[in-house]
Amino acid sequence: MAFVFRLVIALVMLAAALVHALVPGLTIAGFFSDQVFEMLAGADPLITAYVDAGAWPAVLLGASTLCLLFGAFGVVKGERWAASLVFLTAVADAVSVYLANTMSYTTLPLSLLQIAGLGASLVVLFLIVRAITKPV
């Protein structure tokens, strides 16, 4: 039964990694195509603010994407270090939200309650990963 829970949590982490990979993917595409902002016409203001903010928020989201991918692998194996990767994801996300909000031409359309909710969801994910993995 624990393995089923680990698979479900790993799938949740993979879904979160796909969302995290959107901005780094657009930033990488911007190196090869000058039409990134034309592709973003009418896109969510959150995505355009991240792309406007430059490389640092995208790099941090890329790092958190890698942490989630490797964390999902660790969860399936039942390793405790996967919880540390979820913690690193939370830190990278918080710093990238701050940088995207301060370095962009536009501000992020997130309220303080929404940012706290995003952080709380990662704390819950951290606690679940700690609970379903075996101690070292």
Side-chain angles (χ1 to χ4, degrees):
M1 192 68 173
F3 185 72
V4 173
F5 287 134
R6 284 189 270 169
L7 281 178
V8 169
I9 295 301
L11 289 174
V12 168
M13 291 174 75
L14 288 176
L18 289 175
V19 173
H20 279 82
L22 183 63
V23 173
L26 285 171
T27 304
I28 291 170
F31 292 133
F32 302 108
S33 174
D34 294 334
Q35 299 174 347
V36 171
F37 289 104
E38 291 175 13
M39 290 188 299
L40 290 174
D44 185 20
L46 181 66
I47 295 171
T48 57
Y50 264 100
V51 174
D52 280 343
W56 283 111
V59 166
L60 287 170
L61 278 180
S64 65
T65 301
L66 290 176
C67 286
L68 282 172
L69 290 174
F70 288 121
F73 177 70
V75 165
V76 170
K77 286 181 60 177
E79 298 292 334
R80 183 59 65 100
W81 50 262
S84 299
L85 292 177
V86 173
F87 176 75
L88 287 175
T89 298
V91 171
D93 283 352
V95 173
S96 71
V97 165
Y98 173 75
L99 289 178
N101 203 17
T102 57
M103 297 174 68
S104 181
Y105 293 116
T106 59
T107 58
L108 294 177
L110 294 175
S111 68
L112 185 59
L113 186 62
Q114 288 172 322
I115 293 172
L118 291 171
S121 65
L122 283 172
V123 168
V124 168
L125 183 63
F126 171 79
L127 292 174
I128 290 172
V129 169
R130 287 258 320 165
I132 63 174
T133 54
K134 58 185 174 237
V136 176

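Through chains of ILVMFWY side-chain contacts below 4.5 Å, Phe3 is grouped with Leu7, Val76. Chaining together hydrophobic side chains whose heavy atoms lie under 4.5 Å apart places Phe31 alongside Ile28, Phe32. Residue Leu113 shares its hydrophobic cluster (ILVMFWY side chains chained together at separations under 4.5 Å) with no other residue. Counting side-chain heavy-atom gaps under 4.5 Å among Ile, Leu, Val, Met, Phe, Trp and Tyr, Leu112 is found in no cluster with other residues.
Scored by the side-chain contact (heavy atoms from CB on, under 4.5 Å) test, Leu88 finds Cys67, Leu85 as partners (sequence neighbours excluded). Residues that satisfy the side-chain contact (heavy atoms from CB on, under 4.5 Å) test with Ala100, not counting sequence neighbours, are Tyr50, Ala53, Pro57, Leu108. Remark: Phe87 engages Val91, Phe126 in a side-chain contact (heavy atoms from CB on, under 4.5 Å) (not counting sequence neighbours). Leu18 meets the side-chain contact (heavy atoms from CB on, under 4.5 Å) test with no other residue; sequence neighbours excluded. Residues satisfying the side chain to side chain donor-acceptor pair (under 3.5 Å) criterion with Thr27, sequence neighbours excluded, are absent altogether. For Thr89, there are no side chain to side chain donor-acceptor pair (under 3.5 Å) partners at least two apart in sequence or on another chain.
Counting all heavy atoms, side chain and backbone alike, Leu69 lies closest to Ala17 at CD2-CB, 3.8 Å. Shortest non-hydrogen contact noted between Met13 and Ala72 is CE-N, 3.5 Å. Annotation for Ala92 and Ser64: closest pair CB-CB, 4.0 Å, computed over non-hydrogen atoms. Shown here for Gly74 and Ala82, the closest heavy-atom pair between the two residues is C-CB, 3.9 Å.
Applying the side chain to side chain donor-acceptor pair (under 3.5 Å) test to every pair with at least one member in residues 112-126, sequence neighbours left out, gives no pairs at all. The side chain to side chain donor-acceptor pair (under 3.5 Å) analysis of residues 65-79, with sequence neighbours excluded, yields no pairs.
Trp81 and Val86 are members of different hydrophobic clusters when ILVMFWY side chains are connected at heavy-atom separations under 4.5 Å. Hydrophobic clustering places Leu110 together with Leu61 (ILVMFWY residues linked when any side-chain heavy atoms are closer than 4.5 Å, directly or through intermediates). Residue Ile128 is grouped with residue Leu122 when hydrophobic side chains (ILVMFWY) are merged at heavy-atom distances under 4.5 angstrom, including chains of intermediate members. One hydrophobic cluster holds both Trp56 and Val95 under the rule that ILVMFWY side chains link at heavy-atom gaps under 4.5 Å. Under the 4.5 Å side-chain heavy-atom criterion for Ile, Leu, Val, Met, Phe, Trp and Tyr, Met1 and Val8 are members of distinct hydrophobic clusters.
Side-chain contact between Leu118 and Asp93 is absent, with no heavy-atom pair separated by less than 4.5 Å.
The closest donor-acceptor contact from the side chain of Arg80 to the backbone of Thr133 lies under 3.5 Å.
Separation of atoms CE (Met103) and OG (Ser96) is listed at 11.5 Å; rounding is to 0.5 Å. Separation of atoms CG (Leu14) and CG (Leu68) is listed at 8.5 Å; rounding is to 0.5 Å.
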